[in-house]
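Each remark here refers to the structure printed beneath this line.
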Amino acid sequence: MNKFEQLGLSEPLVKAINDLGFETPSEVQEKAIPLLLEKDTDIVALAQTGTGKTAAFGFPLIQKIDPENRNTQALILSPTRELCLQITNEIKLYSKYVKGLNTVAVYGGASITEQAKDIKRGAQIIVATPGRMQDMINRRLVDISRIDFCVLDEADEMLNMGFYDDIVSILSTTPNEKSTWLFSATMPQEVARIAREFMRKPLEITVGHKNSGSSTVSHEFYLVNARDRYEALKRLADANPDIFSVVFCRTKRDTQAVAEKLIENGYNAAALHGDLSQAQRDAVMKSFRSRQIQMLVATDVAARGIDVDNVTHVINYQLPDEIETYNHRSGRTGRAGKLGTSIVIITKSELRKIHAIEKVIKQKFEEKNIPSGIEICEIQLFHLANKIKDVEIDHEIDSYLPAIYEVMKDLSKEELIKKMVSVEFNRFINYYKKNKDISAEKGGDKREFSSGSAVRYFINIGSRDNFDWMSLKDFLRDTLGLGRDDIFKVDVKEGFSFFNTDGEHAQMVLDTLNSLHLEGRRINVEISKNDGSANNRRRDHNGRSSGKGERRGDSFGGGRRKDNSFDRSPRRSDSKSGGSRERRPRRS
């Protein structure tokens with residue numbers, strides 16, 4: 001007897017499960033399925049991404065639907081188009097032996113008219129993104145006033161994406177007596193509020209500890225200097241030849257830049273972020289699922305809803321602001337019981353964040369050193385040897401072998417092996433033999449700065465480089481990966497500027513900015529003796545006064561338009577062309 005049959009599932013469902021090769025229920029399935037089959041109840045199920053939540057609500061939902069009634073009986077809300085389509089496909093696979101049951105996906109980026117027609121033909125189950133569902137309700141293209149079941153999948157992600165008002169509005173149009181099933185990886189306040197307002201004494205199922213990380217994911221961090229962050233990423237990829245990973249960046253700009261660098265350096269990589277069209281996103285995801293792309297560089301918003309099996313690593317190129325977001329990131333690997341690794345590349349100023357994450361996920365990070373060039377060469381050498389040993393021979397080459405034997409007749413077995421390996425391996429040797437170790441020491445001889453005390457910096461760029469206080473603050477924030485309030489007292493002069501951060505960021509600021517060029521000129525950043533107070537004067541390198549002390553950056557209004565909005569991307573005139581030239585900072 002199939003173990004799923006023991007949970008009380010019907011014969012058509014068990015038959016579909018056998019076709020799919022499922023044998024043993026996951027923990028969330030084992031807990032949720034019997035409960036949902038036995039009772040008409042509201043439930044809150046907390047389980048990490050990749051633990052089989054779709055089947056946990058999909059199986060009992062299919063069994064409870066009346067396929068002979070063509071009215072809409074169930075609504076499943078999910079955060080993204082990708083997840084919406086994935087749930088729809090899985091429900092269709094589970095219900096393939098249930099005659100007359102139709103499931104329709106409703107999402108943005110496709111014809112709303114065609115989706116409405118599909119529902120009108122008879123859709124017992126609708127799987128929808130909140131935005132498109134609200135749009136259809138507003139246009140009276142769908143009726144969910146008599147549904148029996150409402151499922152909120154990845155509830156925390158939907159709320160993180162700003163769908164709270166849409167979800168509240170949608171739930172308000174559903175009947176009070178329905179059953180509501182809420183599935184989430186974490187339980188932030190907004191999710192708890194939804195449960196309080198729209199659910200009746202929900203039963204709670206928790207797999208593992210609430211808000212904790214998955215037990216199938218191990219967590220590692222690598223300490224580097226900020227200027228070596230990209231080199232560290234490359235080395236980690238080279239040290240894992242079979243890597244199939246999602247690399248997370250904080251901004252769209254960094255996501256695109258890192259992906260372009262990886263492609264330029266010969267890696268199978270692509271970017272996934274909000275500036276891509278839906279067609280571009282679909283093409284990238286198709287290539288990733290087929291493993292043509294080994295390293296998908298993504299923002300958190302763009303990656304929500306990605307459900308791809310066998311991801312070996314999640315790499316946090318930059319840590320997110322919220323710990324819960326880290327939990328979602330790491331949930332992209334270690335799925336369906338398989339092991340995965342979540343890697344964090346950090347600087348010394350970010351070490352405290354590791355301890356904060358450990359407290360929430362209830363797991364320890366292992367500190368590791370970035371592999372040295374010699375270690376990577378050894379790994380790649382043995383990987384290549386195994387690849388050659390295991391390769392399948394295509395016998396279409398047989399007719400060419402006599403000529404090949406003739407070319408190589410004077411080579412011994414040892415020489416032949418050396419030459420074969422060298423064809424692939426020489427580029428690693430040539431690259432890494434001249435590169436130093438890049439792991440940073442926790443201590444070291446660098447200057448220490450105390451957290452809580454502000455540090456003031458001098459930087460050799462200013463208004464002549466087309467910056468005002470706002471555009472410089474945006475540039476610094478994006479380049480350093482800091483929050484909006486982490487950079488303050490920005491004061492822009494003609495040929496230089498000043499700004500402040502908290503002391504804990506100081507070493508990272510110096511390391512990162514001193515490795516940049518702006519239009520061919522090296523950026524120079526120093527700790528300023530000027531504390532930013534009104535009675536303090538700073539002289540530039542020619543001994544000239546910079547003004548009567550410094551004012552807070554927000555006292556400068558150079559970037560404000562007449563409509564009271566801000567121009568965040570001012571340009572400077574190019575006298576030769578009469579046009580404008582956009583500044584493009586680049587790393588050395």
*Can you check whether S218's main-chain N or O pairs, donor with acceptor, with Q363's side chain at less than 3.5 Å?*
no

*asked:* If I compare all heavy atoms of I33 with all of P60, which pair ends up nearest, and what's the gap?
replied: CG1-CD, 4.0 Å

*Does R229 reach the main-chain N or O of Y317 with its side chain, forming a donor-acceptor pair under 3.5 Å?*
yes

*Determine yes or no for a side-chain-to-main-chain donor-acceptor pair under 3.5 angstrom, with S330 supplying the side chain and N327 the backbone.*
yes

_Heavy-atom pair of closest approach, residues S78 and M158_ = C-SD, 3.7 Å

_With heavy-atom distances below 4.5 Å as the criterion, would you say the side chains of K353 and I346 are in contact?_
no

*Backbone N or O of L85 within a donor-acceptor pair of the N89 side chain at under 3.5 Å?*
yes

*Considering residues at least two apart in sequence or located in another chain, which fulfil the salt bridge (charged side-chain N to carboxylate O under 4.0 Å, His left out) criterion with E90?*
none

*Keeping to residues at least two apart or across chains, list the salt bridge (charged side-chain N to carboxylate O under 4.0 Å, His left out) pairs with something in residues 164-187.*
none

*Are the side chains of L296 and M285 in touch, meaning some heavy atoms are under 4.5 Å apart?*
yes

*Apply the test side-chain contact (heavy atoms from CB on, under 4.5 Å) to residues D42 and K201: give CA-CA distance (whole Å), side-chain angles for both, the deciding distance (0.1 Å), then the verdict.*
CA-CA 7 Å; D42 291 355; K201 298 181 180 177; over 6 Å; no

*asked:* For a 4.5 angstrom cut-off between non-hydrogen side-chain atoms, does T24 reach E30?
replied: no

*Any chance the rings of F221 and Y326 have centres within less than 6.0 Å?*
no

*Give a yes or no on whether E68 atom CD has more than 12 heavy-atom contacts from other residues, nucleotides or ligands under 6.0 Å away.*
no

*asked:* Contact between V142 and V106 at the side-chain level, heavy atoms closer than 4.5 Å - yes or no?
replied: no

*Of all residues at least two apart in sequence or in a different chain, which pass the side chain to side chain donor-acceptor pair (under 3.5 Å) check with Q73?*
none

*Who are the side chain to side chain contact (heavy atoms under 4.5 Å, CB included) partners of Q256, not counting sequence neighbours?*
E260, A271, H273

*How are the rings of F475 and F467 set relative to one another: parallel (under 30°), tilted (30 to 60°) or perpendicular (over 60°)?*
tilted

_Least distance between heavy atoms, P130 atom then I170 atom_ = O-CD1, 3.6 Å

*asked:* Run the salt bridge (charged side-chain N to carboxylate O under 4.0 Å, His left out) test against K64 and tell me which residues pass, sequence neighbours left out.
replied: D40

Please output the side-chain donor-acceptor pairs of residues 116-123 that fall under 3.5 Å, not counting sequence neighbours, one pair per line with the distance.
{"residue": "D118", "atom": "OD1", "partner": "R121", "partner atom": "NH1", "Å": "2.4"}

*Would you check if L37 and L9 make a side-chain contact, meaning some heavy-atom pair closer than 4.5 Å?*
yes

*Would you check if the side chain of Q134 reaches a backbone N or O of S169 as a donor-acceptor pair within less than 3.5 Å?*
no

*How long is the gap from CG on L513 to CE on M508, to the nearest 0.5 Å?*
8.5 Å

*Please round to the nearest 0.5 Å and tell me the distance separating atom CD of E204 and atom CG of L182.*
10.0 Å

*Does a salt bridge link K53 with E157, judged by any charged N lying under 4.0 Å from a carboxylate O?*
no

*Tell me, do H219 and I357 make a side-chain contact under 4.5 Å, heavy atoms counted?*
no

_Using side-chain heavy atoms (C-beta onward) and a distance below 4.5 Å, is L46 in contact with V28?_
no

_Check: F183 and T54 side chains under 4.5 Å, non-hydrogen atoms_ = no

*How are the rings of F22 and Y94 set to each other: parallel, tilted or perpendicular (split at 30° and 60°)?*
perpendicular

_Shortest non-hydrogen contact from R146 toward D143_ = NH2-OD2, 3.7 Å

*Does NZ or CZ of R193 come closer than 6.0 Å to the centre of the six-membered ring of Y164, within 45° of the ring's axis?*
yes

*Separation between OG1 of T512 and NE2 of H505, rounded to the nearest 0.5 Å*: 11.5 Å

_With side-chain contact (heavy atoms from CB on, under 4.5 Å) as the criterion, how do R132 and Q115 come out once you've worked through the C-alpha distance, each side chain's angles and the decisive distance to 0.1 Å?_
CA-CA 10 Å; R132 174 51 65 93; Q115 291 172 353; 2.9 Å; yes

_Using the rule given for side-chain contact (heavy atoms from CB on, under 4.5 Å), can you reason through I76 versus L61, listing the C-alpha separation, both sets of side-chain angles and the distance that settles it, and then say yes or no?_
CA-CA 10 Å; I76 302 170; L61 188 64; 3.8 Å; yes

*Considering only NZ, NE, NH1 and NH2 on the basic side and carboxylate oxygens on the acidic side, decide whether D486 and R477 come within less than 4.0 Å.*
no

_Between F149 and F57, is the ring centroid distance below 6.0 Å?_
no

